[in-house]
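The structure appears below as structure tokens.
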Amino acid sequence: MTPRLSHETRRRILLLGSGALQIGQAGEFDYSGTQAIKALREEDVYTVLVNPNIATIQTSEGLADKVYFVAITPDNVDRILEREQCNGILLGFGGQTALNCGLALADRGTLERLGVQVLGTPISAIRDTEDRELFKRRLAEIGIKVPRSISCHAREQARKAVNEIGLPIMLRGAFALGGRGSAVVMESSEIEPALKRAFDGGIKQVLVEEYLGGWKEIEVEVVRDEQNNCITVCAMENFDPMGIHTGESIVVAPTQTLNDEEAQLLRTLAIDIIRHLGIVGECNIQYALDPTSNDYRVIEVNARLSRSSALASKATGYPLAYVAAKLALGFSLPEIPNGITKKTTAFFEPALDYIVCKFPRWDLGKFRGVSTRIGSEMKSVGEVMAIGRSFPEVLQKAVRMLDIGATGVDPDFFAEGDVREALRVPTSLRVFAIARALAGELSPQEVHALTGIDTWFLHGIHEIVRMRGELAALAPKGNGAAAISPDLLRRAKRLGFSDATIARLTGASDKEVREVRQKYGITPKLARIDTLAAEFPAETNYLYPTYLAAEDESPASPRKKILVLGSGAYRIGSSVEFDWCCVSGIRAISELGYETIMLNYNPETVSTDWDECDRLVFGEVSFESVLDLWESEGPEAVVVSLGGQVPNNLALRLARAGVRILGTSAESIDVAEDRQKFGGLLDRLGIDQPAWTHVTQRAGARNAVARLGGFPVLVRPSYVLSGAAMSVAHDLAELDRILECARAVNADHPVVVTKFETGAREIEIDAVADHGKITLWAICEHVEDAGVHSGDATLMLPPQTVPLPVIHRAKKIATQLAEALVMTGPFNLQLLVQHGRVRVIECNLRASRSLPFVSKVTGINFVREAMRRMLGVRKPIEGRVLDLDYVAVKAPQFSFPRLVGADPILGVEMASTGEVGCFGDDGDEALLQAFAATGFGLPKKGVLLSLGPVSEKYSFLEEARALSQEFGLALYATPGTAEALHAEGIECEALAKVTGEGRSGMDVIDEGLVDLVINVARTYDELGRPDGYLIRRRAVDVEVPLVTDLMLAKALVNALRNRADSPLAIRSWNEYLERQPRFLGLDRAREQAEGPPA
Amino acid sequence: MRGPLSPISEEVKSESLFWGSRRRDAFTATHSLPMKLFLEDGSEFEGVAFGAYRPVVGEVVFTTAMSGYVESLTDPSFRGQILVLAFPLAGNYGVPAPRPAGSIDPPYESSQIQVQGLVVQHSIGCPSHHASARTLGDWLTSEGVPAATGIDTRSLIRRLREHGTMRGWLVPGNGSVERQKQYATGVEMQRELFHLVAPKESVQLGGDDGPRVLLVDVGAKDNLARSLLKRGARVIRAPWHADLGGLASGVDGVLIGNGPGDPQDLGELVVQVRLLFKRPDLPIFGVCLGHQIVGLAAGGETYKLPYGHRGANQPVQEIGTRRCFITSQNHGYAVNERTLPRDWEPWFVNLNDGTNEGIRARFKPIFSIQFHPEACPGPRDTAFLFDKFLRLCDSVHQGRL
């Protein structure tokens, strides 16, 4: 061991994270921050991380020296810089949140006052790229073309600018992530609404610019060191032309339709720009390129790591974030070794001998009222990346990876409405409409005319469509797979067709296709990503399966190995928390001496960093691909329990195909997932559960509901994650509609109808079991009443209001279930508590969303322990999970401002896109910290109250009184609520029900009189929409904090009252954990010595 | 000119077998003619023909550049060689219309396809680009150059890397292999090669003023001439076997360009260049093969690299300033800098393998580089070297006035 320098001489650097995941700022920043911390640690830098996102890998043990789970605000960071005596700060690794915070710290003089140096790209260069006017001026200095544009600070000014530039125009917001507030205006009638929305979003500066619709959109990732050495790492081309946000666009790398002259033009410009702006580290440059000439525009420069740079890193194997961090410390590119070749340096440009395709993952179906149209604003919640050697291959792989039910580029998938219209209006499903058009009467040229998409891509889709025709032509012959010639099968596989699709088209079974494939030796081979296109020998472990490789370059090693299945695309309900689980799992497996193979396809993850595992296979997580790997790699077992529902759903099929599933058996997983089997088990064990019944036919629905005791009822199919297709029905018509939808989602599994309980509490147990015995457990309490999806609920650990008998009963139930299902590994149990009665809602025999939270709060890595149990370690663990000397709160982060029209209300379907986890001395402090960390400002002016049912109005009276009398806030209330408040002598202004009859709720929001809206829905309209939509939506649109749950509102007001006199403490995670007698990591060294089990 | 086509078997007599991308469907070839590549080590790769349907033989080399196939195919440095593209998709943006005779316009780097044959993983039959007038396959067919698609070029390149550069036979796959190999056309690489790639006679390019540069052409890419012309120079482009001493008396600088083959086979040129070194203050700039010639003329040695540098991503570092550049490269031989006399010094080094990338004379305006400052294809980071060279030429020019 090299001796560490004393604290006085070590560099002390603060790294800003990106906070909770939200649309436009997702898991990619966990990847970039984690790589940066690894780079800093190598240089023995004392690293302080500020990031309240507790589900991330960067906030895990063993990375940063100090972690602060607090809001990324200038105030907090100021205090942390001071108490940690930092002398440097990194702003480029936490997305727009970190960049904006850094600019604010510079503005208020904090950095100068504390002598903190901004490492890497200087503040001046950040300003040059963030302020549109400055940006234009700076690029004009070196004669580089940008779109003609006028920056406006008010609507009137913007109107004039529109006239000057002429329609069509594009509106863009400065300092906004993911293109918020941007819109394309084609016709004069659209000008006013677009301007209103642009400025209403709280955006101070809006840009009116020439519209470049139909131009090619290209991105280049460029790197520069302090010595002025520059490289470009990857140029990527958007499938969709300009006009669709790059985060919403299908992207391929490297560029496909640019000749060398164009490619070099953009490369040279990129280097000129990064040098002129003086960026040190990495930046992303977006170009528009005229498809009819070599004319170009520079659209924007992001002077930080971005989603695109994460994609470029994964697409090329070049660790951009790691290198950027080293450059920020003053290294030059040739001084940094190339980790992938181990022989060369970081000064080189990757050469690709494959093609990658990124496809965005939307979850628009989860929101009521949101438009499926995509455009210049980002709405997607995640993305997938496919690697292969032909465009049809990667596109089909990518479409399957989305996990939206499409088995490939299927012309019949969501084939609704007029195909020309579906082409003209870009939506999340347009690629299927293109296939439909090409399978029908339209030529690639005609599709190009309607979509603006380059015909090169369209020919690729045409290729797929024709192969479908060739395969389908075999179906009438009726002899199944036998009719498929090896040549046809090989060609189909090379075009990215799955066995299942080939089977469906030819009328064979999946199994037959697989058998024929194996008979002829048509199997995928693992090809290597080596950054140098095979020019130099490179023993990398970064592999992708393809049918276009003739040989396996990297034969499986003789070591015993474990295959871990990743979580796939981030989506609502499955996000960075499962990546944390996978990475923790890999590390635990490695510790025990096994070789680890990671299978995943999400470019925004740490699990797909090639330095995390022994072998990284970047490919689909599907039955077919896992079975292929099972056969070619020969692992001892497969881990399905860490990646969320995607791998969990494969468990039973894999087990039946002979794959050994590590931990809890696939049969047990099936019992827990299949509502009917699970209900039966609970009955046998004498465990209480809400009344439920099984409905298959609409006809039986009325009686079923009557048996349950009437509406409202909860309807859900089996095998779901995050409440997909789960709904509450308030009447029969609604129930009918829901049953229809559920059947469309999955016809194979029964639909379960449960009595929807109101006014009940919810608790959750996360636990690790070993051969049916619980070895580790933690219990969380929901602040909201039951009925709010557990992913959207605010969790407290340890529980603050749950009586001890309830906790004992819950633990007893968990013990019984673990035993009955002979569990080994992680599981999560959700329970309903009402008047001391504890009933089971559901039990998931896999790692849960809250596992990183409970692990970090208790200081015991639950996944590590679970993994060790699964691999046969028997040593008992001691964990104190109730007796903590602090409280932590996990709170959801919503992205409603991004989802135009979506109703920002909580329900049984999960809607949040991210989470934070914050600590405090008590529940109140932790809650307020968590609120702050999700961007929630505390009220200073006034509160708008709209309190729903009468009982709820009265239950909030005390809190309303406190808001008015103790905090001196002006109260505004909707008529019914005002009446109740007045009756109790609480002062408030009664508002009109609708605009026009006096001041309404909308008016007080628009006039800026309130900075908190508490809106609890009372009734539901015929479409099941709760009332008060307009008020909630307006609050979200103008970014006034909104609370829609009464229990949460009460908790908030009480926390404010209790903490009125004591400011929130700034303490590091380590300081909280040290309060426990058993501190994280003490036993680690001892356990590591044990090695693998016999 | 390319050698005469020889008949191989009855099948290829018919013109109809010379097919290119008339087939529209590159990914899913169904009715296709087989094309095979045999390597010296006995390995065999089977693909589908997409250019001319005839057998050829040559050294098999590869490039890792992801774009720029038009530039690469017309680069005379590849003369006599069978080129393998590492990037799996070839022909995406098509090929522009042929340029008029005598033109040196881009993206063509010479007046014909220079490679002996081409091997790719996928030829694209439906290109998309505003400048495209024909497909890659049509172009290859029209120039009688055979090509194979559907070969796992990564596996092929790995084999070339492990065994060093090898001879290979690219032949139609439907006849007797031995017969095909026997009739395969190749280029004699020691003498014929250098005459094939050099112009017949000297030409003058450019306007009426500006410094005069003698471009010694051993298969120089057109962009060397364009790069000089663009900067206001006048260019005398002369074949390497011309009387360089006589031509050099009227010029302000000499650029020795790139070309194919082993520099040690160009003894005659080395002698001529050594004589040029004697002229006081005559700027001489060597590029690629020109660099190796300068190295030999200086008294150094050259050697064959195991598998050459061929791509658009080669990192080099300037010794002394430690400045780094990404360069375009295409060479199989290198200068051994340790064999240089004392009045020469290494100038650039390859960051990947430490081989020499440039040398310069300590007391004379003579310098040379192994990489391609003229790019095409590839990065233009080192184009400033033309400015450096022309500044020297210009001062000679001014001195004359």
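Here is the naming used below: chain letters follow the sequence lines, and residue numbers restart at 1 for every chain. Only heavy atoms go into these numbers, but all of them, side chains included; no hydrogens, no water, no symmetry mates.
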Choice from [options] maximising heavy atom contacts with chain B below 4.5 Å:
options	result
A:A263, A:P254, A:C230	A:P254
A:L258, A:D290, A:N228, A:T255	A:L258
A:A351, A:A534, A:A492, A:P334	A:A534
A:T344, A:T257, A:N259, A:I231	A:N259

Check whether any side-chain heavy atom of [X] lies under 4.5 Å from a side-chain heavy atom of [Y], and answer yes or no.
X	Y	answer
A:L548	B:H122	yes
B:N92	A:W456	yes
B:F62	A:E535	yes
B:Q317	A:N229	no

Side chain, backbone, both or neither: which part of [X] has a heavy atom under 4.5 Å from chain B?
X	result
A:T455	both
A:R490	neither
A:Y354	backbone

Checking B:R134 now: which residues fulfil salt bridge (charged side-chain N to carboxylate O under 4.0 Å, His left out) with it, not counting sequence neighbours? none

Partners of A:K397 by salt bridge (charged side-chain N to carboxylate O under 4.0 Å, His left out), sequence neighbours excluded? A:E393

Taking it one step at a time, do B:I326 and A:R267 satisfy side-chain contact (heavy atoms from CB on, under 4.5 Å)? CA-CA 11 Å; B:I326 298 292; A:R267 182 185 176 281; 3.4 Å; yes

With A:H448 via ring pair (Phe, Tyr, Trp, His ring centres under 6.0 Å) - residues at least two apart: none

On a heavy-atom basis, which atom in [X] and which in [Y] lie closest, and how many Å separate them?
X	Y	value
A:Q264	B:P379	OE1-CA, 3.2 Å
A:F347	B:L351	CD2-CD1, 3.6 Å
B:N313	A:P350	ND2-C, 4.2 Å
B:R161	A:F536	NH1-O, 3.4 Å
A:E551	B:S155	CG-OG, 3.3 Å
B:R154	A:A533	NH1-C, 3.9 Å

Quick one: pull up [atom1] in [X] and [atom2] in [Y] and give me the separation to the nearest 0.5 Å.
X	Y	atom1	atom2	result
B:L89	A:I355	CG	CD1	5.5 Å
B:Y93	A:D454	OH	CG	14.0 Å
B:S128	A:L458	OG	CG	8.5 Å

Given that the side chain runs from C-beta out, which part of [X] has a heavy atom under 4.5 Å from chain A: side chain, backbone, both or neither?
X	value
B:R380	both
B:E162	neither
B:P377	both

Give a yes or no on whether a salt bridge exists between A:K343 and B:D353, defined as a side-chain N under 4.0 angstrom from a carboxylate O. no

Pair B:R322-A:Q227, side-chain donor/acceptor within less than 3.5 Å: no

So which bits of residues 64-71 of chain B come within less than 4.5 Å of chain A, counting non-hydrogen atoms only? B:T64, B:M66, B:S67, B:G68, B:E71

Contact winner vs chain A - B:A375, B:A312, B:G378, heavy-atom pairs under 4.5 Å: B:G378

Answer yes or no: is there a donor N or O on one side and an acceptor on the other, between the side chain of A:D353 and the main chain of B:A86, under 3.5 Å? no

